[in-house]
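Just below is one structure, and these are the notes that go with it.
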Amino acid sequence: MSSRCSGAGASPFPPGFHWGVATSAFQLEGSPNADWATWDKALLDHPQVTHHYELYKDDLKLLKDLGVNAYRFSIEWSRIQPAEDTWDESAVAHYQEIVDILRGYGIEPMVTLHHFTHPRWFIERYPWHRDASRGKFLRFVEAMASSLRGVRFWNTFNEPYVILLGGYLEGCMPPGLRDVKRSLLALRNIFTCHGKAYDIIHAHVPGARVSVAHNMSAFAPWKRWNPLDRMLTRTAKYFYNHSIIDAFRTGVFVVKFPFSRPIEIEVPIKDKLDFFGINYYTRIHLRFNPFRKMGVELRHIDMEGSGLTNLGWEVHPRGLEKVIRYASRLKVPLIVTENGIATHDTQRKTEYLKRHVDVLEHCLRQGYDVRGYYYWTLIDNYEWLHGLDARFGLYRVDFKTLKRIPTPAATYYSYLIESRSGL
Ligand code: BGC
């Protein structure tokens, strides 16, 4: 009602809303000393992926052309500290130059300190389930917070739960374990690092805004009539989406695996959050299947009939509203730090963008405090365990010639930014 009174159709996007794109260093530029460099054989032919480490100036110019006012990117730790006792000042200078170029374009940088990759020496000697991991990571945080100038927005970790699921439960990411006990030790160490990193960044950067980027999905029972499918769905929602939000409110993780007693883990993260980053892509259906691990079977179902994405994911824009609703319990500003689609079909990419931004607009009209939207991603890149053909980019990359070719979705995003921000 109030929005009608204040002028029908007025843009609900607040001034200073971040219209951005998100990337991660390793996915664009690789790194010879990263654990992932040898983890996925698909990278052996393309160790430098898009060659962004050399072509960064041209790529940053694409941001300017798009008209975004914010850019989320990560610092590749294995470039800064290729060996335990070696700090590469030229790598620090490289990322500083990126920040300076962005500032020159009037684009707000948001830095992610950990986006899945580690220096190989770290993951071999100090993987997250060892307490020694904390000191090693925090030295890197201290080095970045004390040397990078001009960065206000910081993500300590990208998708901490994906690190735990991939690295400790499914074993598909380094350190490649399937070990519940160690996953819980890793959880405690990673979140303890977040809490301490929060303080370190604030000690060095006046006015810093610090967060994590949390991967949230919509979940639904495979068969609504089946109480076991419904029970699994509740458990998955709690475990995957909500428990981290509650832990930021209380300082305690309550870990509930299906069919077992909850475990409580204390972590020093209560209120260590200036905003909350949400990475949202899709919906997952769940079914109880006694022949699967923990009785859980996951599936993407094409409920709309418009087809799954190149990664086999369902497109489900309304899920974004659900996760925003739950995250708003945190009572800090929310930022959609990632949202995007892997497809060769640029028409679908355009529709995906429009439909998710429509949901966001609806959320803003309802009064949710959302301060930014970052499309994943700028140019096609390396997709974890899927190689180079996922095609999330607004710009298509020809991996032979390294040419960046604008897709109609890039033009559309520029238009969307202009029209929705009420410019
Ligand atoms: C990750 C990105 C990844 C994207 C698409 C997000 O969960 O942060 O690194 O490329 O999803 O899978």
Side-chain angles (χ1 to χ4, degrees), residues 20-31 34-37 39-40 42-43 46 49-50 52 71-78 110-118 154-167 169-170 172-174 190 194 211-219 240-241 244 276-284 298 300 308-316 319-320 323 327 335-344 348-349 352-353 356 372-397 409:
V21 294
T23 63
S24 90
F26 187 83
Q27 289 177 274
L28 287 177
E29 61 198 32
S31 172
D35 50 358
W36 272 87
W39 183 259
D40 183 351
L43 281 165
H46 294 275
V49 197
T50 70
H52 174 74
Y71 177 52
R72 174 174 176 240
F73 66 101
S74 72
I75 308 283
E76 178 52 44
W77 180 12
S78 64
M110 180 189 285
V111 158
T112 308
L113 291 169
H114 183 285
H115 197 123
F116 295 166
T117 52
H118 311 92
W154 300 76
N155 292 147
T156 53
F157 288 92
N158 181 66
E159 303 183 351
Y161 274 21
V162 175
I163 307 170
L164 296 168
L165 278 173
L169 295 176
E170 290 174 18
C172 59
M173 294 166 76
I190 287 175
H194 169 81
S211 179
V212 292
H214 177 39
N215 186 285
M216 298 182 83
S217 295
F219 290 98
Y240 197 73
N241 285 346
I244 184 171
F276 189 63
I278 297 174
N279 294 353
Y280 175 79
Y281 287 87
T282 187
R283 171 166 67 178
I284 297 167
L298 312 176
H300 286 278
L308 299 173
T309 72
N310 281 1
L311 296 186
W313 296 353
E314 184 195 5
V315 175
H316 182 61
L320 181 59
V323 299
I335 294 185
V336 178
T337 35
E338 283 181 35
N339 173 243
I341 179 170
T343 178
H344 289 92
R348 281 196 85 194
K349 202 167 276 180
Y352 185 98
L353 256 167
H356 284 80
Y373 174 85
Y374 290 69
Y375 180 77
W376 181 271
T377 186
L378 179 63
I379 62 177
D380 291 337
N381 60 8
Y382 163 68
E383 175 59 26
W384 315 104
L385 304 171
H386 289 271
L388 302 183
D389 209 31
R391 306 289 175 185
F392 276 99
L394 293 172
Y395 289 79
R396 187 182 164 76
V397 172

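Because only heavy atoms are used, hydrogens play no part in the values below, and waters and symmetry mates are left out as well, while side chains stay in. We count ligands from 1, going down the list as the structure has it; atoms in each ligand are counted the same way. This one's a predicted model, so the numbers in the text were calculated from it and none came from an experiment.
Given atom 10 (O) of ligand 1, the protein heavy atom at minimum distance is E383 OE1, 2.7 Å. For atom 6 (C) of ligand 1, the nearest non-hydrogen atom of the protein is E338 OE1, 2.9 Å.
Taking the six-membered ring for Trp and thresholds of 30 and 60 degrees, W36 and F26 have ring planes inclined between 30 and 60 degrees apart. In this pair, W384 and Y382 present their aromatic rings perpendicular. The plane angle is above 60°, beyond the 30 to 60° band.
Within ligand 1, the atoms closer than 4.0 Å to a non-hydrogen atom of Q27 are 2 (C), 3 (C), 9 (O), 10 (O), numbered from 1 in the order shown. With ligand atoms numbered from 1 in the order given, ligand 1 contributes 7 (O) to contacts under 4.0 Å with heavy atoms of N215. Distances below 4.0 Å separate heavy atoms of E159 from the following atoms of ligand 1: 1 (C), 6 (C), 7 (O), 8 (O). Within ligand 1, counting atoms from 1 as listed, the ones closer than 4.0 Å to a heavy atom of H115 are 1 (C), 2 (C), 8 (O), 9 (O).
Residues passing the side-chain contact (heavy atoms from CB on, under 4.5 Å) test with H344 are N310, D389, R391, R396, sequence neighbours excluded. By the side-chain hydrogen bond (donor to acceptor under 3.5 Å, both in side chains) test, S31 is found to be paired with S78, residues two or more places apart in sequence or in another chain being considered.
At a heavy-atom cutoff of 4.0 Å, ligand 1 is contacted by the side chain of W313 but not by its backbone. In N158, the part holding a heavy atom less than 4.0 Å from any atom of ligand 1 is the side chain.
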Would you sort out whether M216 and F276 count as a side-chain contact (heavy atoms from CB on, under 4.5 Å), showing the intermediate values?
CA-CA 12 Å; M216 298 182 83; F276 189 63; 4.3 Å; yes
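Considering each of Y280, F392, W376, the one bringing a non-hydrogen atom nearest atom 2 (C) of ligand 1 is W376.
Taking 4.5 Å as the limit, some side-chain heavy atom of H114 sits within range of a side-chain heavy atom of I163.
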